[in-house]
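Before any comments, here is the structure.
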Amino acid sequence: MLDKVQGIITSINISEKKGTRKTPVPAGRAQIVLGSGVAGDAHAGDWHRQVSFLAEESIARARNMGLDVKAGDFAENITTTGIDLPAIPVGSLLRVGEAEVEVSQIGKVCHSRCAIYHLAGDCIFPREGIFGYVRKPGEVHIGDKVVLLSRGNGRSAATPQEAIDEIDAARRAGTL
């Protein structure tokens, strides 16, 4: 049943600096590194948001708002299609190509409004993007499946309590 919850990788994206749009990796493949994230990406490191995901369907909604955006423009590492990412609970385990990634956060608080927010008056990533912590390294390619291996209970040991508190407060305040 769980393997029926799956999507496809449509783009793999990295950036040299945080706070910038990501660009698709030229070869259409990348290494997901244990304890770090996507090789060569500025956001990789020893924290709970090692790999970021956003659905192509979310990007299409932004295009429908009149924005000229594409994969990587929301700073996501992995762009997918066919899987409802925000509906996957924190703590769930995803197979992403050869790698396995535990969902550690859904959405994020934007402390400084990004360029997309200023253009459109809204940004989808804080509500529809998800983050993960690498549990098993491996190579990922455009066209690989993203498969739900196990459904989480809403908590991840990789997520610090202050991150949980920040998201909860933003939801209560209606800013997320």
Side-chain angles (χ1 to χ4, degrees), residues 1-15 21-64 69-108 116 123-159 163 167 176:
M1 179 74 167
L2 289 175
D3 65 353
K4 300 290 184 197
V5 180
Q6 63 183 9
I8 301 291
I9 296 172
T10 59
S11 188
I12 305 164
N13 316 291
I14 61 173
S15 62
R21 294 177 180 195
K22 296 186 186 299
T23 56
V25 294
R29 68 174 185 263
Q31 288 293 322
I32 294 185
V33 180
L34 185 64
S36 182
V38 180
D41 185 56
H43 287 93
D46 186 17
W47 69 321
H48 72 289
R49 292 179 4 188
Q50 295 176 344
V51 182
S52 57
F53 299 81
L54 186 66
E56 181 63 44
E57 293 84 352
S58 296
I59 297 169
R61 279 193 292 285
R63 280 190 211 107
N64 290 340
V69 291
K70 60 190 178 313
D73 285 352
F74 292 92
E76 79 279 3
N77 292 122
I78 306 288
T79 314
T80 65
T81 190
I83 187 167
D84 185 3
L85 295 172
I88 298 170
V90 169
S92 297
L93 188 63
L94 300 173
R95 183 174 56 240
V96 183
E98 296 174 349
E100 292 181 8
V101 176
E102 179 182 322
V103 177
S104 58
Q105 187 170 319
I106 299 171
K108 71 174 207 148
I116 290 171
C123 181
I124 56 174
F125 196 90
R127 292 183 309 279
E128 299 184 28
I130 70 169
F131 296 93
Y133 184 84
V134 180
R135 292 294 182 199
K136 178 183 167 192
E139 192 165 89
V140 294
H141 302 87
I142 292 174
D144 282 351
K145 291 180 182 177
V146 176
V147 179
L148 179 63
L149 296 177
S150 65
R151 189 172 297 279
N153 65 1
R155 296 284 183 222
S156 168
T159 308
I167 293 287
L176 183 65

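When the side-chain hydrogen bond (donor to acceptor under 3.5 Å, both in side chains) test is applied to E100, no partner is found at least two apart in sequence or on another chain. In this structure R155 satisfies the salt bridge (Lys or Arg N to Asp or Glu O under 4.0 Å) test with no other residue, sequence neighbours excluded.
Residues F53 and V103 fail the side-chain proximity criterion, which asks for heavy atoms closer than 4.5 Å. Annotation: side chain of D41 is in contact with side chain of N77 (closest heavy-atom distance under 4.5 Å). When side chains are defined from C-beta on, I83 counts as touching I88, because their heavy atoms get closer than 4.5 Å. Here the side chains of I59 and L54 are in contact, with some heavy-atom distance below 4.5 Å. Side-chain atoms of I9 and V96, non-hydrogen and from C-beta on, do get closer than 4.5 Å to each other.
Side chain of S92 to main chain of P89: a donor-acceptor pair is present (N/O by atom type, distance under 3.5 Å, no hydrogens or angles). Here the side chain of T10 pairs a donor or acceptor atom with the backbone of T79 at under 3.5 angstrom. For the pair S156 (side chain) and S104 (backbone), a donor-acceptor distance under 3.5 Å is absent.
Rounded to the nearest 0.5 Å, atoms CZ (F74) and NZ (K22) are 14.0 Å apart. Between I8 atom CD1 and H141 atom NE2 the span is 13.5 Å, to the nearest 0.5 Å. Note that the CD1 atom of I78 and the CD1 atom of I130 stand 10.5 Å from one another [nearest 0.5 Å]. To the nearest 0.5 angstrom, H43 atom NE2 is 7.0 Å from R49 atom CZ. To the nearest 0.5 Å, atoms NZ (K70) and OG (S11) are separated by 9.5 Å. Taken to the nearest 0.5 Å, the CG atom of L85 stands 8.0 Å off from the CG atom of L94.
Counting heavy-atom neighbours within 6.0 Å of D46 CG, excluding the residue itself, gives a total of 12 or less.
The two residues Y133 and W47 have their closest heavy-atom pair at CD1-O, 3.3 Å.
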Item to complete: List the steps, then state whether side-chain hydrogen bond (donor to acceptor under 3.5 Å, both in side chains) holds for H48 with Q105.
Response: CA-CA 8 Å; H48 72 289; Q105 187 170 319; 2.6 Å; yes
Discussion item. Would T81 and E57 count as a side-chain hydrogen bond (donor to acceptor under 3.5 Å, both in side chains) here? Give the steps.
Written reply: CA-CA 7 Å; T81 190; E57 293 84 352; 2.8 Å; yes
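For N13 and T23, the side-chain atoms include no donor-acceptor pair closer than 3.5 Å.
The list of salt bridge (Lys or Arg N to Asp or Glu O under 4.0 Å) pairs with a residue in residues 129-139, not counting sequence neighbours, reads E102-R135.
Salt bridge status for R63 with E56: present, with a side-chain N to carboxylate O gap under 4.0 Å.
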